[in-house]
Protein chains: 2
Amino acid sequence: MARVGLTAERLTRAGAELADEVGFDQVTVSALARRFDVKVASLYSHVRNSQDLKTRIALLALAEMADRAADALAGRSGKEALAALANVYRDYAREHPGRYAAAQLRLDPQTAAASAGVRHARMTRALLRGYDLTEPDQTHAVRLLGSVFHGYVSLELGGGFSHSAPDTDETWVRVIDALDTLLRNWPPPPTETQG
Amino acid sequence: MARVGLTAERLTRAGAELADEVGFDQVTVSALARRFDVKVASLYSHVRNSQDLKTRIALLALAEMADRAADALAGRSGKEALAALANVYRDYAREHPGRYAAAQLRLDPQTAAASAGVRHARMTRALLRGYDLTEPDQTHAVRLLGSVFHGYVSLELGGGFSHSAPDTDETWVRVIDALDTLLRNWPPPPTETQG
DNA sequence: TGCCCCTGCCTAATAGTTTTAGGCAAATCT
DNA sequence: AGATTTGCCTAAAACTATTAGGCAGGGGCA
């Protein structure tokens with residue numbers, strides 16, 4: 001009786017909100033059913049299972065971040081683009097900690113390949129065109145940037161930088177500055193050393 | 001009957017092994033009881049609850065990593081020390097993915113302050129004495145290194161770098177190289193710009 | 001050696017989550 | 001309106017977490 005109008009999309013969005021409120025690992029089929037004031041079994045017509053639900057939330061988060069990144073990069077290049085992209089991730093994580101955690105979910109290769117994850121990689125690569133890197137070095141740099149962004153954001157979010165001066169905003173601008181410097185002066189591959 | 005000899009320490013170690021085998025979030029009081037061939041309730045005399053168990057595993061992992069780091073840093077400085085420390089985290093994460101995940105557990109401030117986490121921060125700072133950084137910049141650099149190490153390791157572990165050439169070992173040495181270069185040429189704080 | 005007591009592991013019970021199977025009624029189509 | 005689809009429900013089984021209380025094994029003591 002009284003159909004609520006559940007769909008996979010509504011469940012995913014509500015799940016994302018729930019994640020931001022109580023943490024991604026607290027997102028449970030039961031909790032979501034409560035939120036819709038509906039019996040638990042009803043959700044299983046729309047999502048295959050708990051894992052499926054979480055995957056959908058992860059994909060939503062990845063897509064949202066990619067959209068923001070695309071917006072942020074439009075019309076920018078060089079350091080400006082670097083800072084804009086960096087801030088996309090950091091801001092998103094602070095506004096949506098649960099979604100950000102969801103985006104870290106390990107996806108199976110098929111799902112990952114079809115996700116917005118590839119857009120992220122492409123955008124980072126596009127950003128690097130503003131610097132002067134040869135092809136293999138570009139990949140190294142993509143990975144470095146991904147590591148710094150993700151590492152910084154997750155440590156900051158996890159409280160790893162708490163209660164220590166100077167504040168994390170200051171560090172953040174200095175880190176971006178440092179990355180910009182580094183990309184401008186990317187060290188050449190070490191020459192073979194003989195044993 | 002047949003006392004097995006449970007203690008908090010044995011449970012913690014077994015929990016850590018279990019984490020490495022099946023993943024940290026699959027570490028459950030029930031699974032641990034099964035592993036000791038003991039009823040679930042029996043564990044509750046030794047650990048307060050599931051959260052307590054997980055916290056103990058996290059503390060174990062942090063301590064183990066700090067021990068390895070201390071060993072690795074002994075007698076090294078500069079880039080050699082940087083590479084050694086970086087490899088400690090990466091190697092530990094690859095040998096003990098479950099423990100590494102445990103170490104990411106959010107600890108309450110009290111527990112965190114009493115954990116080996118502070119040793120990690122101290123060692124990173126010690127490493128930076130081999131470079132020429134003023135005090136506030138040292139903190140920024142500590143955070144940057146922590147971000148890169150953690151970010152790289154967790155992305156690599158999560159498959160974020162998979163199936164793309166060049167391989168991740170090569171990127172890793174280039175990233176360390178890049179960090180070394182960066183620390184040698186740390187950009188000065190930007191001068192105030194007027195609006 | 002025998003007794004006592006403590007502690008360790010047990011049984012029992014409650015509660016929450018996940019998942020499947022099958023039913024009834026509301027919405028939709030003809 | 002009648003038929004069909006489909007959305008949400010009840011019921012039930014399995015697993016996890018946690019608490020309360022019981023029994024017996026092993027160490028300490030005479």
Side-chain angles (χ1 to χ4, degrees), chain A residues 1-60 98-99 101-102 104-108 111, chain B residues 1-60 98-99 101-102 104-108 111:
Chain A
M1 329 90 168
R3 308 204 169 183
V4 185
L6 301 179
T7 65
E9 291 69 42
R10 286 192 64 196
L11 289 175
T12 304
R13 273 198 297 276
E17 287 165 23
L18 185 59
D20 288 336
E21 291 166 20
V22 303
F24 181 58
D25 39 49
Q26 303 299 317
V27 172
T28 173
V29 187
S30 309
L32 205 50
R34 269 193 297 274
R35 171 161 293 219
F36 280 96
D37 201 29
V38 137
K39 297 298 171 179
V40 189
S42 307
L43 303 204
Y44 282 82
S45 315
H46 305 281
V47 296
R48 244 193 317 286
N49 52 34
S50 184
Q51 183 59 36
D52 179 37
L53 172 66
K54 287 179 181 163
T55 300
R56 284 168 190 269
I57 297 172
L59 294 177
L60 173 68
R99 284 157 146 100
Q104 268 24 86
L105 188 69
R106 213 191 183 323
L107 302 173
D108 62 287
T111 313
Chain B
M1 329 79 173
R3 310 206 166 180
V4 185
L6 301 181
T7 65
E9 291 70 42
R10 286 192 64 195
L11 289 175
T12 305
R13 273 197 298 273
E17 286 165 24
L18 185 60
D20 288 336
E21 290 166 21
V22 303
F24 182 58
D25 39 49
Q26 304 297 318
V27 172
T28 172
V29 187
S30 308
L32 205 50
R34 267 193 299 274
R35 171 162 293 222
F36 280 95
D37 201 27
V38 138
K39 298 297 170 177
V40 188
S42 307
L43 303 204
Y44 283 82
S45 315
H46 305 281
V47 297
R48 245 195 314 290
N49 51 35
S50 183
Q51 182 59 37
D52 180 36
L53 172 66
K54 286 180 182 163
T55 300
R56 285 169 189 267
I57 297 172
L59 295 176
L60 173 68
R99 285 155 145 101
Q104 269 22 89
L105 188 69
R106 215 193 181 322
L107 302 173
D108 62 286
T111 312

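Scope of the values below: all heavy atoms of this structure, side chains included, with no hydrogens, waters or symmetry mates. Throughout, protein chains are lettered first and strands after them, A, B, ... in sequence-line order, and every chain is numbered starting at 1.
Protein atom CZ of B/R10 is 13 Å distant from nucleotide atom P of C/dG8, rounded to whole Å. As a whole-Å value, the separation of B/R3 CZ from D/dC23 P is 15 Å. One interatomic measurement links the two molecules: NE2 of B/H46 to C1' of C/dT7, which rounds to 9 Å at whole-angstrom precision. Here the P atom of nucleotide C/dT18 and the CG atom of A/L11 are 13 Å apart, to the nearest Å. Atoms CZ (A/R34) and C1' (C/dA15) sit 12 Å apart, rounded to a whole Å. At whole-Å resolution of the value, CG in B/L53 and P in D/dA17 are 9 Å apart. Between B/R35 atom CZ and D/dT16 atom P the separation is 14 Å, expressed in whole Å. Distance A/L32 CG to C/dT18 C1': 14 Å, rounded to the nearest Å.
With D/dC8, C/dC10, C/dT18 as the choices, the nucleotide that has an atom nearest any side-chain atom of A/Y44 turns out to be C/dT18. Here the side chain of B/L6 is nearest to one of C/dC9, C/dT20, D/dG7, namely C/dC9. Of the listed nucleotides (D/dT16, D/dT18, D/dT10), D/dT10 has the atom at the smallest distance from the side chain of A/K39. With D/dC8, D/dA17, D/dA20 as the candidates, the nucleotide lying closest to the side chain of B/A41 is D/dA20. Checked against D/dA17, D/dC9, C/dT18, the side chain of A/T28 finds its nearest nucleotide in C/dT18.
Using a 4.0 Å cut-off, some side-chain N or O of B/S42 falls inside it from OP1 or OP2 of C/dC10. Contact annotation: B/S50 side-chain N/O to D/dT16 OP1/OP2 distance is not under 4.0 Å. Neither OP1 nor OP2 of C/dC9 sits under 4.0 Å from any side-chain N or O of B/S45.
Formation of a donor-acceptor pair under 3.5 Å by the B/R99 side chain with backbone atoms of B/L60 is not found in this model.
For the pair B/A102 and B/I57, the tightest heavy-atom approach, listed with the atom from each and the gap, is CB-CG2, 3.8 Å. Considering every non-hydrogen atom in both B/V29 and B/Y44, the closest pair reads CG1-CE1, 3.7 Å.
Crowding of B/D37 atom CG: a count of heavy atoms from other residues, nucleotides or ligands under 6.0 Å not exceeding 12. Heavy atoms of other residues, nucleotides or ligands lying less than 6.0 angstrom from CZ of B/R35 number more than 12.
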